[in-house]
Protein chains: 2
Amino acid sequence: MENNLAHAECPAIATIALLGGRWKVIILHVLSKNARRFGEINVRVPSISRKVLTEQLRELEADGLISRKQFGEFPLRVEYALTKYGESLCPLLAYIAAWKKENA
Amino acid sequence: MENNLAHAECPAIATIALLGGRWKVIILHVLSKNARRFGEINVRVPSISRKVLTEQLRELEADGLISRKQFGEFPLRVEYALTKYGESLCPLLAYIAAWKKENA
DNA sequence: CGGGATCCGGTAAGATACTG
DNA sequence: CAGTATCTTACCGGATCCCG
């Protein structure tokens, strides 16, 4: 992640790093259909702990791929959604999935 | 990696896992131009230790993405090259790199 | 409900020295 | 040259408890 030379001559790696967290692709996939609340995401990705889910969401937010909207209600309500940037990733993921099928 | 439900509904993640090792994309990128010897790869990816490089190469080989050819010479000579399967990954990497440029 | 704080164990990664 | 062995460190992910 700190090898700038390699980054320069191989831009793909930065993108892979963006998706590097083992759960991020799944999370993005879940959000690609609808904006979701924390608990909804957690239900759809059962084997992830809340802590890790929180961390991954924060990183995705920091990378500008998702947005976080908190409502001042009670019970608390937080909704996550793809940003434009995050949406632009969807065809890429579809492309990747297609490659997988062709080369299964 | 053990969430089969998620895998089933999101095939892309398996591919990402294939490239998951932080160095694999770089290594594949290096090999995409030419078959390379161990030392040559090491020179082109300086910040990786020999140990980790070895591990990553073994995993890439186990996944069928690269081939390893050992010559019985001295000094020892080992050459790594992309397999057909590995080559099929190149357009995908190019696509990823292109996405990166468009969304920089 | 949606997290944050903390501790803890496993594994990945780095450094170094050695080998066929 | 192309690794292997060993040790140490860094980080990731899980469990639990706590907070607003």
Side-chain angles (χ1 to χ4, degrees), chain A residues 1-7 13 16-28 30-31 34-63 65-82, chain B residues 1-7 13 16-28 30-31 34-63 66-81:
Chain A
M1 227 75 80
E2 55 302 308
N3 189 332
N4 294 319
L5 272 178
H7 272 204
I13 195 188
I16 296 292
L18 216 60
L19 305 172
R22 290 218 269 283
W23 305 102
K24 291 185 179 175
V25 174
I26 304 183
I27 295 173
L28 291 173
V30 168
L31 292 179
N34 289 293
R36 293 290 183 191
R37 302 179 57 174
F38 184 91
E40 294 178 321
I41 301 174
N42 209 169
V43 165
R44 282 164 180 76
V45 193
S47 54
I48 191 174
S49 70
R50 279 188 317 225
K51 175 198 159 196
V52 176
L53 178 54
T54 301
E55 289 170 355
Q56 301 278 301
L57 288 170
R58 292 269 183 273
E59 288 182 25
L60 288 168
E61 192 191 359
D63 288 335
L65 294 174
I66 66 173
S67 63
R68 178 182 188 276
K69 193 178 295 179
Q70 180 168 353
F71 301 83
E73 312 172 354
F74 191 84
L76 244 74
R77 185 174 157 202
V78 182
E79 255 191 22
Y80 295 91
L82 293 187
Chain B
M1 227 74 82
E2 54 300 309
N3 190 332
N4 293 319
L5 272 178
H7 272 203
I13 195 189
I16 297 291
L18 217 60
L19 306 172
R22 291 216 270 281
W23 306 101
K24 291 184 180 175
V25 174
I26 304 184
I27 295 172
L28 292 172
V30 168
L31 292 179
N34 288 293
R36 293 290 183 192
R37 303 177 57 171
F38 184 90
E40 294 179 319
I41 301 174
N42 209 171
V43 166
R44 282 165 179 76
V45 192
S47 55
I48 190 174
S49 70
R50 280 187 315 235
K51 178 197 152 197
V52 176
L53 178 54
T54 301
E55 290 169 356
Q56 301 279 303
L57 288 171
R58 294 269 184 276
E59 288 182 27
L60 287 168
E61 193 191 357
D63 287 336
I66 67 173
S67 63
R68 179 181 186 275
K69 193 179 293 179
Q70 180 166 354
F71 300 84
E73 311 172 354
F74 191 84
L76 242 72
R77 184 174 160 205
V78 181
E79 256 190 21
Y80 294 91

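Throughout, protein chains are lettered first and strands after them, A, B, ... in sequence-line order, and every chain is numbered starting at 1. Scope of the values below: all heavy atoms of this structure, side chains included, with no hydrogens, waters or symmetry mates.
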### Message
Tell me every residue that passes salt bridge (Lys or Arg N to Asp or Glu O under 4.0 Å) with B:R77, counting only those two or more places apart in sequence or in another chain.
### Response
B:E73, B:E79
### Query
Is there a donor-acceptor contact under 3.5 Å from the side chain of B:Q56 to the main chain of B:L53?
no
#### Entry: Whole angstrom value for the distance that separates P of C:dG3 from CG of A:N42
10 Å
Protein-nucleotides 2-7 of chain D N/O pairs closer than 3.5 Å?
from  : atom 1 : to    : atom 2 : distance (Å)
D:dA2 : OP1    : B:R37 : NE     : 2.9
D:dA2 : OP1    : B:R37 : NH2    : 3.2
D:dA2 : OP2    : B:G39 : N      : 2.9
D:dG3 : OP1    : B:R68 : NE     : 3.4
D:dG3 : OP1    : B:R68 : NH2    : 2.5
D:dG3 : OP2    : B:Y80 : OH     : 2.6
D:dG3 : N7     : B:R50 : NE     : 3.4
D:dG3 : O6     : B:R50 : NH2    : 3.0
D:dT4 : OP1    : B:R58 : NH2    : 3.4

### Task
Please examine the side chains of B:I66 and B:L28, heavy atoms only from C-beta on, and report whether any two atoms are closer than 4.5 Å.
yes
### Task
Tell me, please, which residues at least two apart from A:E59 pass salt bridge (Lys or Arg N to Asp or Glu O under 4.0 Å).
A:K24
## Note on the structure
Rounded to whole Å, the CG-P distance (B:L53 to D:dC1) equals 14 Å
### B:I26 CD1 to C:dA13 P, straight-line distance once rounded to whole Å
12 Å
### Message
In this structure, how many angstroms lie between the C1' atom of C:dG2 and the CZ atom of A:R36, rounded?
### Response
17 Å
### Query
Rounded to whole angstroms, how far apart are CD on B:E55 and C1' on C:dT11?
11 Å
### Task
Round to the nearest Å and state the distance from A:E61 atom CD to C:dG3 atom P.
10 Å
### Query
With a 4.5 Å limit on heavy-atom distance, are the side chains of A:L82 and A:L65 in contact?
no
### Task
Give the rounded distance in Å between these two atoms: CD of A:Q56 and P of D:dC12.
9 Å
### Atom-to-atom span, CD1 of B:I48 to P of C:dT16 - whole angstrom
17 Å
#### Entry: Between B:Y80 and B:R36: side-chain donor-acceptor atoms closer than 3.5 Å
no
